[in-house]
There are 2 protein chains.
Amino acid sequence: MSRRHKATIRDVATAAGVAVGTVSRVLNGSGAVAPQTASRVRQAIAVLGFMPDAAGRSLRSGASRAIGVLVPTLSNPIFARSLEGIERAAAQRGFSTVIASSGYDPVRELDVVATLVARGVEGLVLTLTDTKPDRIDAVAGHGVPFVLAYNQPKPNGGAPRFSLATVDSRVALQEATEQLIALGHRRVAFLGGAFASSDRSRARYEGYRAAMDAAGLPAWDPAEIPFDAQDEAFEAALGDLIGRLVAPTALICSNDLLGLHAVAAARRHGLAVPGDLSVVGFDGMPMARIAEPSLATVAQPARRMGEAAVDLLFGLIAGGPPRQLILPHTFLEGGTLAAARADADPLRAGSATILGPTKPNRSPR
Amino acid sequence: MSRRHKATIRDVATAAGVAVGTVSRVLNGSGAVAPQTASRVRQAIAVLGFMPDAAGRSLRSGASRAIGVLVPTLSNPIFARSLEGIERAAAQRGFSTVIASSGYDPVRELDVVATLVARGVEGLVLTLTDTKPDRIDAVAGHGVPFVLAYNQPKPNGGAPRFSLATVDSRVALQEATEQLIALGHRRVAFLGGAFASSDRSRARYEGYRAAMDAAGLPAWDPAEIPFDAQDEAFEAALGDLIGRLVAPTALICSNDLLGLHAVAAARRHGLAVPGDLSVVGFDGMPMARIAEPSLATVAQPARRMGEAAVDLLFGLIAGGPPRQLILPHTFLEGGTLAAARADADPLRAGSATILGPTKPNRSPR
DNA sequence: ATGAAAGCGCTAACAC
DNA sequence: GTGTTAGCGCTTTCAT
């Protein structure tokens, strides 16, 4: 079963007694080939164990049969799962998937996209850190079809300029916040990934703020956690929230990873979840659902998102227009959710300064 | 910033007033180029935004600067994390990572490897379902350097025939089982992924059995969960274990995902963890550690494993000999671990048949 | 329906 | 130190 030197199309042609062009036609189903000849060629292919070389094919036809994917990280299961959907959908169409991660670094991100393009991928599925027009333009400038996944660009009226598969993070988190408010919570804090590295995090904060505003409640400054040192920085941010004299009775987290850590940290600080603090996450990671208590969260269909992104991408590759797809989200109740206690003491001892919720005109930094 | 037609090396040569060969030399640092000329070339490259086309380069030089990775699934964070290590290590050397998943399907697995090879990858990092010699041979037959990750092939004396980065699952689980026995557990059951799709799972079972044997305790038949329907099938298997008249006081799971589900399921069945049932996992997923109670487990360095695999792979690509690397594992205590209760009632009502631990001469099927 | 030949972008071998 | 050129494996005209 071992072959020293890979067979080329010429070897096949010789073995089948035909011209290389004919072999190519059989291979690609292009042009007409006599059934008899075709089967002779197929025979030779099988005998030699021939597989067409991707580089030669790509060089000549420009069709690399590969797509490129950029994710911020693979440590977050939500992106891993989405990638799984992408890889499957691509493989189904005979496309390979080249993967790269940005580590939430806006600079590396653009380099990585350029690298992917240089590889000759026919399309891209990207989760960018930032979706401001100039960044989108930088990507579009390569002239390679692309689809954004998970991103939350500011909507612009009129026909979409690029394709997108996502959920509406803003609305989703607004609804989640409303649930908390309906449960009697008035002091609701927000904990998110750094806005500079995640437009999702920012959109979710905006949804939170919209709900608080609508209810006439003061919105808090967001606690932003840098993505590169999530575990450690997280402790600090949560300690800060908890240390405030007017402590929150509920905490909204921009993803489940953060939510899970929040539950653990709150407990280490002696707070009961959900007794003293209700927690809501975002993503719907399976693992967060089987935790005890299960994490209340906004579920998004990660795998389907990946598949949908690939569908959109192939629409683009086929010459279709950009399309923006908003997939449905679901609010999942969970054990981390409880009604606000009527007896909650708004003032706690042990801190020198008096801190309370603030209403930022603009997010900090 | 947008360029309609990608610049070629010829465009650069023209712009810089040199020959294409010179540009190539600058690009690859091969041959000597006058510093002055070089900077002129670099200038032209920058102005034109030129990036060498991977297909052309690959076709000519045979160096695709890409590696291929095969994982069983990306839904298991342990593989996602390992992939992250692989991608990073590869990118650091200027290599792209082409990814594919087998879905634990031994047939698809070999196809996928062939596809990766046809893409022209210079090396492979694989986690195979099965590592019997004929399967290894099938992979080796492509003549592309490869490294196995996570796999647990039967050791063969003498110089290794292929490279490998893994932990010693057998020993690790033997140790974990010994811990359980030291805590007074005598009825210890094993829950694992289907052996036919995972040599890790099998090796772990063997470690479990070795420890039980050494302690003079009866080993149980493994409860095997198919990977394709883990969640549902899992319920059935655990129900089975729990339904036995002589129920286990401890459960060893071949991975953390299973372990987490086991804890949740046991609770749904009214069992206290660890009061009625101690549970141990395998992998050391961060998420399982922040769960409440934290999952006792055997931690393996997933990310480092990925990086190590790439190191080994480049050793191979550079012409070095195969090397097998066993990374260290760590037993992590956790809240799912408790001493066996002295008053544990070995007989429980409600079942018609009397089942107990069995000592299989050979694993079933 | 099939063969012949050009050439995709690049690197490497050779000439100067 | 630099220019010229052949050709990697393939697809795709253009002939026939």
Side-chain angles (χ1 to χ4, degrees), chain A residues 3 5-42 44-45 48-66 94 96 115 117-122 143-144, chain B residues 3 5-42 44-45 48-66 94 96 117-122 143:
Chain A
R3 225 154 311 289
H5 267 316
K6 272 193 280 198
T8 84
I9 198 173
R10 187 145 29 238
D11 300 329
V12 176
T14 308
V18 299
V20 291
T22 303
V23 177
S24 175
R25 281 185 279 263
V26 171
L27 240 34
N28 301 289
S30 55
V33 179
Q36 234 226 45
T37 316
S39 82
R40 202 144 35 89
V41 169
R42 260 185 278 276
I45 288 175
L48 295 175
F50 167 78
M51 291 205 70
D53 177 86
R57 167 176 287 185
S58 169
L59 182 55
R60 172 64 224 213
S61 66
S64 62
R65 301 207 139 259
S96 292
T115 304
V117 169
R119 281 228 81 77
V121 297
E122 296 185 49
V144 173
Chain B
R3 225 154 310 290
H5 267 316
K6 271 192 279 197
T8 83
I9 198 173
R10 185 135 42 228
D11 300 329
V12 175
T14 307
V18 299
V20 289
T22 303
V23 178
S24 176
R25 279 185 280 263
V26 171
L27 241 32
N28 301 289
S30 54
V33 180
Q36 235 226 45
T37 316
S39 82
R40 203 145 34 92
V41 168
R42 260 185 277 274
I45 288 174
L48 295 175
F50 168 78
M51 291 207 69
D53 177 86
R57 169 177 285 184
S58 169
L59 182 55
R60 172 64 226 217
S61 67
S64 63
R65 300 206 141 258
S96 292
V117 170
R119 280 227 82 75
V121 296
E122 294 185 52

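First the proteins, then the strands, lettered A, B, ... as listed; each starts at 1.
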*Shortest non-hydrogen contact from B:A13 toward B:A19*: CB-C, 3.8 Å
*Using the C1' atoms of five pairs at each end, what's the angle between the two axes of the helix from C:dA1-D:dT16 to C:dC16-D:dG1, to 10 degrees?*
40°
Throw together a table of side-chain donor-acceptor distances under 3.5 angstrom for residues 20-31 of chain B, partners on residues two or more places apart or in other chains.
unit_1: B:S24; atom_1: OG; unit_2: B:N28; atom_2: ND2; d: 3.4
unit_1: B:N28; atom_1: OD1; unit_2: B:R57; atom_2: NH2; d: 3.4
unit_1: B:N28; atom_1: ND2; unit_2: B:S24; atom_2: O; d: 2.8

*What's the verdict on side-chain contact (heavy atoms from CB on, under 4.5 Å) for B:V117 and A:M51, showing C-alpha distance, side-chain angles and the deciding distance?*
CA-CA 9 Å; B:V117 170; A:M51 291 205 70; over 6 Å; no
_Distance in Å, B:S58 OG paired with A:D53 CG, rounded so as to fall on 0.5 Å steps_ = 6.5 Å
_Give me the atom names and distance for the closest heavy-atom approach of A:G94 to A:R65._
O-NH1, 3.7 Å
*Within the structure shown, what part of the strands sits under 4.0 Å from A:S58 by heavy-atom distance: base, sugar-phosphate, or nothing?*
nothing
*Locate the shortest heavy-atom distance separating B:T37 from B:V33; write the atom from each residue and the value.*
CB-CG1, 3.9 Å
*asked:* Between B:V20 and B:A38, which residue's closest nucleotide on DNA chain D lies nearer the 5′ terminus?
replied: B:A38
*asked:* Which residues in residues 21-36 of chain A have a heavy atom closer than 4.0 Å to any atom of DNA chain C?
replied: A:T22, A:R25, A:A32, A:V33, A:A34
_Range on DNA chain C touched by chain B - first to last nucleotide, heavy-atom distance under 4.0 Å_ = C:dG9 to C:dA13
*Under 4.0 Å from any heavy atom of chain B: name the first and the last nucleotide of DNA chain D that qualifies, 5' to 3'.*
D:dG1 to D:dG9
*Comparing A:G17 and B:G56 on DNA chain C - which has the more 5′ nearest nucleotide*: A:G17
*Euclidean distance, B:I9 CD1 relative to B:L48 CG, rounded to 0.5 Å*: 12.0 Å
*Taking only residues two or more places apart in sequence or in another chain, which ones pass side-chain hydrogen bond (donor to acceptor under 3.5 Å, both in side chains) with A:S64?*
none
